[in-house]
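Inspection log for the structure reproduced underneath, given as structure tokens.
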Amino acid sequence: MKILVSLVSLIAFLLVVLPGPLYKFGIVELGTAFTGFRFGVYAGGAALVLLLIQIIFMRKTVTFGSAAIAVVFSAVAIAMPLNMMNTAKSVPPIHDISTDLVNPPQFVAIAPLRVDAPNPVAYAGEETAIEQRKAYPELATLSFAQSKTDLLEATEQAVKNLGWELVNTDTSLGLVEATDTTTWFGFKDDVVVRINDEGSERFVDIRSKSRVGRSDLGKNAERIHTLINEINTELTK
């Protein structure tokens, strides 16, 4: 029983930890990776049940070390997917976030890179805008007194500081485009920053969009907030 508990808990752990890297390196499809999550939860629950049976009926075979490891592995296998599910329920099922919902910044240099992406480069539309207004009402066009050149430089440096790939900077259009690759699954999410010079003020809009997935689990809004903070930090140096 001790070996069975350890084996099932290890399998549960691997079912939720490995899908990310396996998808990232093209070994499994996204659907298969998420199926691994589901079975990981089942296996984690089964491991805890088996451990409980072992403690009740075969107490002498239980050791603290093996039981602790089984509990940790099972807890991780159950908690990680459930945490993702709870996050998904707390945010709208959208993946295209912009500070300007009427005229979102357009991807230019990044557009060819998204040709084969499940999520098209075009803005997701009014339905998405309505959902965003409800979930992230604080996201709006930013106003700065700094020059367009200073803002472009600050944005470029912010992108580099965050470890994103700087795809292109178009000074004439006032655009900075970048790609952020997530660590675990290797999802590629694209960002475009648009700077409009309106005389005494510069207006900055940021858009972040996932290449795959219906829901971004709030990641794109989080990314925009992170970039805004980093740009402000650069401007104060």
Review point. Of the non-hydrogen atoms in P92 and E131, which two are nearest, and what is the gap between them?
Key: CB-OE1, 3.6 Å
**Study point:** Distance in Å, E234 CD paired with L151 CG, rounded so as to fall on 0.5 Å steps
**Key:** 12.0 Å
Study note, to complete from the structure: Between E198 and F203, the two heavy atoms sitting closest are CG-CD1, 3.3 Å
Check your understanding: Counting N and O atoms only, with roles assigned by atom type, does the side chain of S66 sit under 3.5 Å from a partner on the main chain of V62, one being a donor and the other an acceptor?
Key -> no
Exercise for review: Return yes if a side-chain donor-acceptor contact under 3.5 Å exists between S208 and D189, otherwise no.
Suggested key: no
Review point. Is L30 linked to L14 within one hydrophobic cluster, defined over Ile, Leu, Val, Met, Phe, Trp and Tyr using a side-chain heavy-atom separation of less than 4.5 Å?
Key: yes
Check your understanding: So, do T226 and L162 sit near enough that their side-chain heavy atoms are less than 4.5 Å apart?
Key -> yes
**Study point:** M85 atom CE, neighbour heavy-atom count above 12 within 6.0 Å
**Key:** no
Review point. With no hydrogens and no angle check, is any side-chain donor or acceptor of K209 less than 3.5 Å from a backbone partner on V192?
Key: no
Check your understanding: Going from CG on L50 to CE on M1, what distance comes out if it is rounded to the nearest 0.5 angstrom?
Key -> 5.5 Å
Review point. Shared ILVMFWY cluster between F39 and V41, side chains joined below 4.5 angstrom?
Key: no
Check your understanding: Does any N or O in the side chain of T182 come within less than 3.5 Å of the main-chain N or O of F187, such that one atom is a donor and the other an acceptor?
Key -> yes
Exercise for review: Could you check if a side-chain atom of N220 sits within less than 4.5 angstrom of a side-chain atom of I224, using non-hydrogen atoms only?
Suggested key: no
Practice item. Can you see which heavy atom on A70 is nearest to which on V5, and at what distance? Key: CB-CG1, 3.8 Å
**Study point:** Verify same cluster id: L51, V76 (apolar side-chain graph, 4.5 Å)
**Key:** no
Review point. Does V16 belong to the same Ile/Leu/Val/Met/Phe/Trp/Tyr cluster as L217, with side-chain heavy atoms less than 4.5 Å apart forming each link?
Key: yes
Point to revise | Check: K24 main-chain N/O paired with W184 side-chain donor or acceptor under 3.5 Å | key: no
Review point. According to the interplanar angle, ranging from 0 to 90°, do the rings of F34 and F37 count as parallel (below 30°), tilted (30 to 60°) or perpendicular (above 60°)?
Key: tilted
Check your understanding: For E127, does the CD atom have more than 12 heavy-atom neighbours from other residues, nucleotides or ligands under 6.0 Å away?
Key -> no
Study note, to complete from the structure: Nearest heavy-atom approach of S143 to E201 is OG-OE2, 2.5 Å
Check your understanding: Counting only N and O atoms by type, is there a donor-acceptor contact under 3.5 Å from the side chain of N119 to the main-chain atoms of S210?
Key -> yes
Check your understanding: Roughly how far apart are I228 CD1 and T233 OG1, rounded to 0.5 Å?
Key -> 11.5 Å
Exercise for review: Of all the heavy-atom pairs spanning K148 and G174, show the shortest one and how long it is.
Suggested key: CE-CA, 3.5 Å
Practice item. Looking only at non-hydrogen atoms, find the nearest pair between G44 and A77 and report the distance. Key: CA-CB, 4.4 Å
Review point. Does K160 come within less than 4.0 Å of E230, counting only side-chain N to carboxylate O?
Key: no
Check your understanding: Can you tell me if R211 uses its side chain to pair, donor with acceptor, with the backbone of A117 under 3.5 Å?
Key -> no
Practice item. Check the pair L139 / H225 against side chain to side chain contact (heavy atoms under 4.5 Å, CB included), numbers first and verdict last. Key: CA-CA 8 Å; L139 291 178; H225 282 299; 3.6 Å; yes
Exercise for review: Say whether, by atom type as modelled, one donor and one acceptor occur between the side chain of R202 and the main chain of Q146 under 3.5 angstrom.
Suggested key: yes
Check your understanding: Can you tell me if E177 uses its side chain to pair, donor with acceptor, with the backbone of I110 under 3.5 Å?
Key -> yes
Practice item. List the steps and the verdict of side chain to side chain contact (heavy atoms under 4.5 Å, CB included) for L15 and Y42. Key: CA-CA 10 Å; L15 281 171; Y42 297 155; over 6 Å; no
Practice item. Find out whether F107 and V167 are in side-chain contact, i.e. whether some heavy atom of one side chain is under 4.5 Å from a heavy atom of the other. Key: no
Exercise for review: Without swapping roles, check the side chain of S74 against the backbone of V71 for a donor-acceptor pair under 3.5 Å.
Suggested key: no
Review point. Distance only, no hydrogens: is a donor on one side chain within 3.5 Å (strictly under) of an acceptor on the other, for T61 and Q54?
Key: yes
Practice item. Decide if atom CZ of R133 counts as having more than 12 heavy atoms of other residues, nucleotides or ligands within a radius under 6.0 Å. Key: yes
Practice item. Compare all side-chain heavy atoms of V176 with those of L166 and state whether any distance is below 4.5 angstrom. Key: yes
Practice item. Answer with yes or no whether the hydrophobic clustering places L18 together with F185; edges join I, L, V, M, F, W, Y residues whose side-chain heavy atoms lie under 4.5 Å apart. Key: yes
Check your understanding: Would you say the side chain of T155 lies within less than 4.5 Å of the side chain of V204, judging by non-hydrogen atoms?
Key -> no
Practice item. Give the intermediate values and the outcome of side chain to side chain contact (heavy atoms under 4.5 Å, CB included) for residues I97 and D216. Key: CA-CA 10 Å; I97 306 297; D216 62 6; 4.0 Å; yes
Review point. Once you round to the nearest 0.5 Å, how far does CG of L10 lie from CZ of F73?
Key: 5.5 Å
Review point. Any side-chain heavy atom of F144 sitting closer than 4.5 Å to one from D150?
Key: no
Review point. Would one find more than 12 heavy atoms of other residues, nucleotides or ligands at under 6.0 Å from atom CD1 of I56?
Key: yes
**Study point:** Interatomic distance, I231 atom CD1 to E156 atom CD [nearest 0.5 angstrom]
**Key:** 11.0 Å
Check your understanding: So, R194 and D100, do they make that salt bridge, N to O below 4.0 Å?
Key -> yes
**Study point:** Value rounded to 0.5 Å, distance of CG in L101 from CG in D205
**Key:** 9.0 Å
Review point. Hey, are R223 and D180 close enough for a salt bridge, meaning a charged N less than 4.0 Å from a carboxylate O?
Key: yes
Check your understanding: Side-chain contact, heavy-atom cut-off 4.5 Å: L175 with N168?
Key -> no
Exercise for review: With side chain to side chain contact (heavy atoms under 4.5 Å, CB included) as the test, would you mind laying out the steps for Y23 and T32 before giving the verdict?
Suggested key: CA-CA 9 Å; Y23 171 78; T32 302; over 6 Å; no
